[in-house]
Amino acid sequence: MELRPILSTLRRHQTTSWLLILQIALTCAIVCNALFMIGHRLQHMHMSSGIDEHALVQIQLAEIAPTPDIYARAREDLAVLRQVPGVQAVALTNFLPMEGRGSNSNLKLDPAQRERTVTAGSYFGEDLPQTMGARLVAGRYLAPDEFVNADVVVKGLAKGDTKGLPAVTVITQALADRLWPGQNPLGKTIYLTDQLGVRVVGVLADLVRGNAYNDATAHYSFILPIFMGAGKDWSYVIRTRPQDRESVLKAAVAALKKADPKRVVTQQRTYDELREKFFADDRAMAGILVGVIVALLTVTTLGIVGLASFWVGQRRRSIGVRRALGATRGDILRYFQTENFLLVSFGIVLGMLLAYGINVFLMMHYELPRLPGIYFLVGALALWAIGQLAVLGPALRASHVPPVAATRSA
C-alpha cells in the first residue's frame, strides 16, 4: 500500500494526530515502567527467607511489671515452651526474617578502615538457625558456651573492654561472597567496631534480614552469640510440624500465661502470617499499578476508536470515491489499519524515550534497577495490538461505505 496518501492525510490533521501520538507515548512510557515495577515487586515477594517458613510460629510478650532477672525469666520461658506437645525446637531472638524491622551493623575487614565494607543484619539467640531451619553449608553452629548476656556486651562496649565479649559468628553465604569473593570465609575475622572483631565459624545457605526491603542486600546477615533476656521487643520462635502450628501456638500461649498470668501477649502468629503482612504493601502497589495500566490502555483505546470514528465520518465521501475507482473493502480496511499503525508507531518511539527518562529518574531517587529491554518490546506489542483492535470497528464501517457515497455532499 502507498504510504504517501496516508502521510498526506495525517499532515492535514496534524493537531489531532499529534494529540493521539502524545497520548500513546505517555501510555507507552507509563505502561513499560509500571510493568517493570510490577515484575520487580512480584520478584521481591517471592524472595526466599532461608528458613522453614511453614513450620514456625512467633510469640511476643510484654511485662506489666519489671522483671527482676530477665535472663532467668527467658530461660524459664524457653523451658516451659519446650514442654508443650508438638514443639520441636524453640529460641529467643531479636528479630525474624522479613519481620519489617531489624538490627543492622556496619562491618569492616580491617579495624583501621575509615569506611565500612558493608552493612548487614545482625541476629541474636541461642539455637536460632537450628530452630528456624536455616541450612548450614560450612563450618558449625554457635556453641552454648560461646553465648554472652546482652548487658555484658553493652557494658563492655561502653567501657571499650572487649574481654569476654562475643568472639565468633555465623554468616550467610551471600555475606561471605560479598566480603571475601571466591575465598573460604571460615576462620576469617570481621570487625563490628574498631576493637571488637568476631571470627567466622559457620556459613548458612541463606537467612534474610528482618528489614529485607532491598533485594541487593537482603541476604547479608549474621548471627552473634548474644543471649537477650525476656522483653517486649524480643520474640519466642517455635518450630513444629506445619499441620500442628495453630494448635501448638494456642497451647504455647496458654503455657506462658499459666507460668505468669501478669504478662500480656502482644503478638502470636504463624510465620506465614508474618510474611503475608511484610509483603502487603507490595501486593497493594502491584494492584494499583495494574489498575493504572488498565485505565491508561482503556483511555488510549477509546481515544483511538473515537478519532478513527471521527475520521471515517469526515472521509465518507472520499471513501466512496475510492470505492467507485475500484478500491475493495479490504483496501479501505488496510488503509485505516496502516494509518493507525503509523500513528501508534510514532507514539511508541516517543514513548520509549520517555520511558527511559522515567526509569533513570526512578533509578536515581528510588533505587530501582535499570529497565530491561524486554519491557520496551512488551509495551510496544501491547500498544500495536490494542491499536489494531481499536481501529478495527471504525475501519470495518469505513469498508462498508458504498461507492454511491461519492455522489453525495459531504
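By convention here, the first residue in the shown sequence is residue 1.
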Does a sphere of radius 6.0 Å around CD in Gln43 hold more than 12 heavy atoms from other residues, nucleotides or ligands, not counting ones at 6.0 Å or beyond? no

Quick one: does Arg275's side chain have a donor or acceptor within less than 3.5 Å of a partner on Met45's backbone? yes

Tyr71 and Phe227 aromatic ring geometry - parallel, tilted or perpendicular at 30°/60° bounds: tilted

Within the supplied structure, the quantity of interest is the number of heavy atoms (other residues, nucleotides, ligands) at a distance under 6.0 Å from Tyr356 OH; does it exceed 12? no

Closer than 4.0 angstrom, basic N to acidic O: yes or no for Asp331 and Arg322? no

Under 3.5 Å, which donor-acceptor pairs link side chains of residues 379-390 to any protein atom two or more places apart or in another chain?
from, atom 1, to, atom 2, distance (Å)
Trp384, NE1, Ser345, OG, 3.0
Gln388, NE2, Gln337, O, 3.1
Gln388, NE2, Asn340, OD1, 3.4

Looking at side-chain heavy atoms only, is the closest gap between Thr119 and Thr217 below 4.5 Å? no

Can a donor-acceptor pair be found, under 3.5 Å and without considering hydrogens, that links the side chain of Arg241 to the backbone of Gly86? no

Between Pro185 and Val200, what is the shortest heavy-atom contact and its length? O-CB, 3.5 Å

What pair of heavy atoms forms the shortest contact from Pro225 to Leu142, and how long is it? N-CD1, 3.8 Å

Taking every non-hydrogen atom, the tightest pair across Ile226 and Pro166: CG1-CG, 3.7 Å

Heavy atoms only: give me the nearest Gly320-Val401 pair and the separation to one decimal. N-CG1, 4.2 Å

Is a donor on one side and an acceptor on the other found under 3.5 Å between the side chain of Thr93 and the backbone of Phe124? yes

So do the side chains of Leu175 and Leu107 get within less than 4.5 Å of each other, counting heavy atoms only? yes

Distance in Å, Asp77 CG paired with Leu92 CG, rounded so as to fall on 0.5 Å steps: 8.5 Å

Side chain to side chain contact (heavy atoms under 4.5 Å, CB included) evaluation trace for Ile51 with Tyr271: CA-CA 10 Å; Ile51 63 177; Tyr271 187 84; 3.7 Å; yes

Does the pair Glu76/Arg263 count as a salt bridge with the N-to-O cut at 4.0 Å? no

Polar side-chain atom of Asn94 near backbone of Met228 as donor-acceptor pair, under 3.5 Å: no

Quick one: which residue pairs count as a ring pair (Phe, Tyr, Trp, His ring centres under 6.0 Å) with a foot in residues 294-330, not counting sequence neighbours? His13-Trp311

Quick check against the 3.5 Å criterion: does Ser221 have a side-chain atom that pairs as donor or acceptor with the backbone of Leu207? yes

Side chain to side chain contact (heavy atoms under 4.5 Å, CB included) between Ser309 and Arg397: does it pass, once the steps are laid out? CA-CA 9 Å; Ser309 298; Arg397 288 198 300 274; 2.8 Å; yes

Rounding to 0.5 Å, atoms CG (Leu157) and CD (Gln195) come to a distance of 8.5 Å

Sequence neighbours excluded, every pair satisfying salt bridge (charged side-chain N to carboxylate O under 4.0 Å, His left out) that has a member inside residues 117-134: Arg75-Glu126

Using a cut-off of 6.0 Å, state whether more than 12 heavy atoms not belonging to Met47 lie near its atom CE. yes

From His40 NE2 over to Asn33 CG, what is the distance, rounded to the nearest 0.5 angstrom? 12.5 Å

Once side-chain hydrogen bond (donor to acceptor under 3.5 Å, both in side chains) is applied, what residue pairs with a partner in residues 288-306 remain, sequence neighbours excluded? Thr27-Thr300

Taking side chain as C-beta onward, heavy atoms only, is Asp260 less than 4.5 Å from Leu61? no

Begin from the C-alpha positions of Leu56 and Arg239 and carry the test side chain to side chain contact (heavy atoms under 4.5 Å, CB included) through to its verdict. CA-CA 5 Å; Leu56 302 178; Arg239 181 183 178 88; 3.9 Å; yes

Looking only at heavy atoms, the pair that brings Tyr123 and Gly210 closest together is OH-N, 3.2 Å

Is the shortest side-chain heavy-atom distance between Val208 and Ser48 below 4.5 Å? no

Any sub-3.5 Å donor-acceptor pair from Tyr141's side-chain atoms to Leu128's backbone N or O? no

Looking at Glu146 and Arg140, is any side-chain nitrogen of the basic one under 4.0 Å from a carboxylate oxygen of the acidic one? yes

Main-chain N/O of Phe279 paired with Arg41 side-chain donor or acceptor, under 3.5 Å: no

Side-chain touch Ile319/Tyr335, heavy atoms, less than 4.5 angstrom: no

Test side chain to side chain contact (heavy atoms under 4.5 Å, CB included) applied to Leu204 and Ile223, Ile171, Val137, the passing residue: Ile223

dist Asn214:CG -> Arg209:CZ (nearest 0.5 Å) comes out at 8.0 Å

Evaluate Val265 against Leu256 for side chain to side chain contact (heavy atoms under 4.5 Å, CB included), listing each step before the verdict. CA-CA 9 Å; Val265 178; Leu256 289 171; 6.0 Å; no

If you count every heavy atom of other residues, nucleotides or ligands that lies below 6.0 Å from Arg82 atom CZ, does the total exceed 12? yes

When you compare the side chain of Lys232 with that of Thr266, does any pair of heavy atoms fall below 4.5 Å? no

Indicate yes or no for a side-chain donor-acceptor contact from Ser235 to the backbone of Val237 under 3.5 Å, with no hydrogens or angles considered. no

Side chain proximity check, Tyr236 to Val80, heavy atoms < 4.5 angstrom: no

Suppose the criterion is ring pair (Phe, Tyr, Trp, His ring centres under 6.0 Å): which pairs have a residue in residues 172-220, not counting sequence neighbours? Tyr213-Phe278

Glu53 CD to Leu96 CG distance, which is reported to the nearest 0.5 Å: 11.0 Å

Under a 3.5 Å distance rule, please check whether Arg323 uses its side chain to pair with a backbone N or O of Ser399 as donor and acceptor. yes

Is the closest basic N to carboxylate O distance between Lys108 and Asp194 below 4.0 Å? yes

Closest approach of Leu165 to Val153 (non-hydrogen atoms, all atoms of both residues): CD2-CA, 3.6 Å

State the CG-OG1 distance between Asp110 and Thr189, to the nearest 0.5 angstrom. 11.0 Å

The complete set of ring pair (Phe, Tyr, Trp, His ring centres under 6.0 Å) pairs with one or both residues in residues 75-110, sequence neighbours excluded, reads none

In a check of side chain to side chain contact (heavy atoms under 4.5 Å, CB included) between Glu246 and each of Val57, Thr270, Thr240, which one passes? Thr270

Do His54 and Arg245 come within less than 4.5 Å of each other through their side chains, counting heavy atoms only? yes

Under 3.5 Å, is there a donor-acceptor pair between the side chain of Thr162 and the main chain of Leu196? no

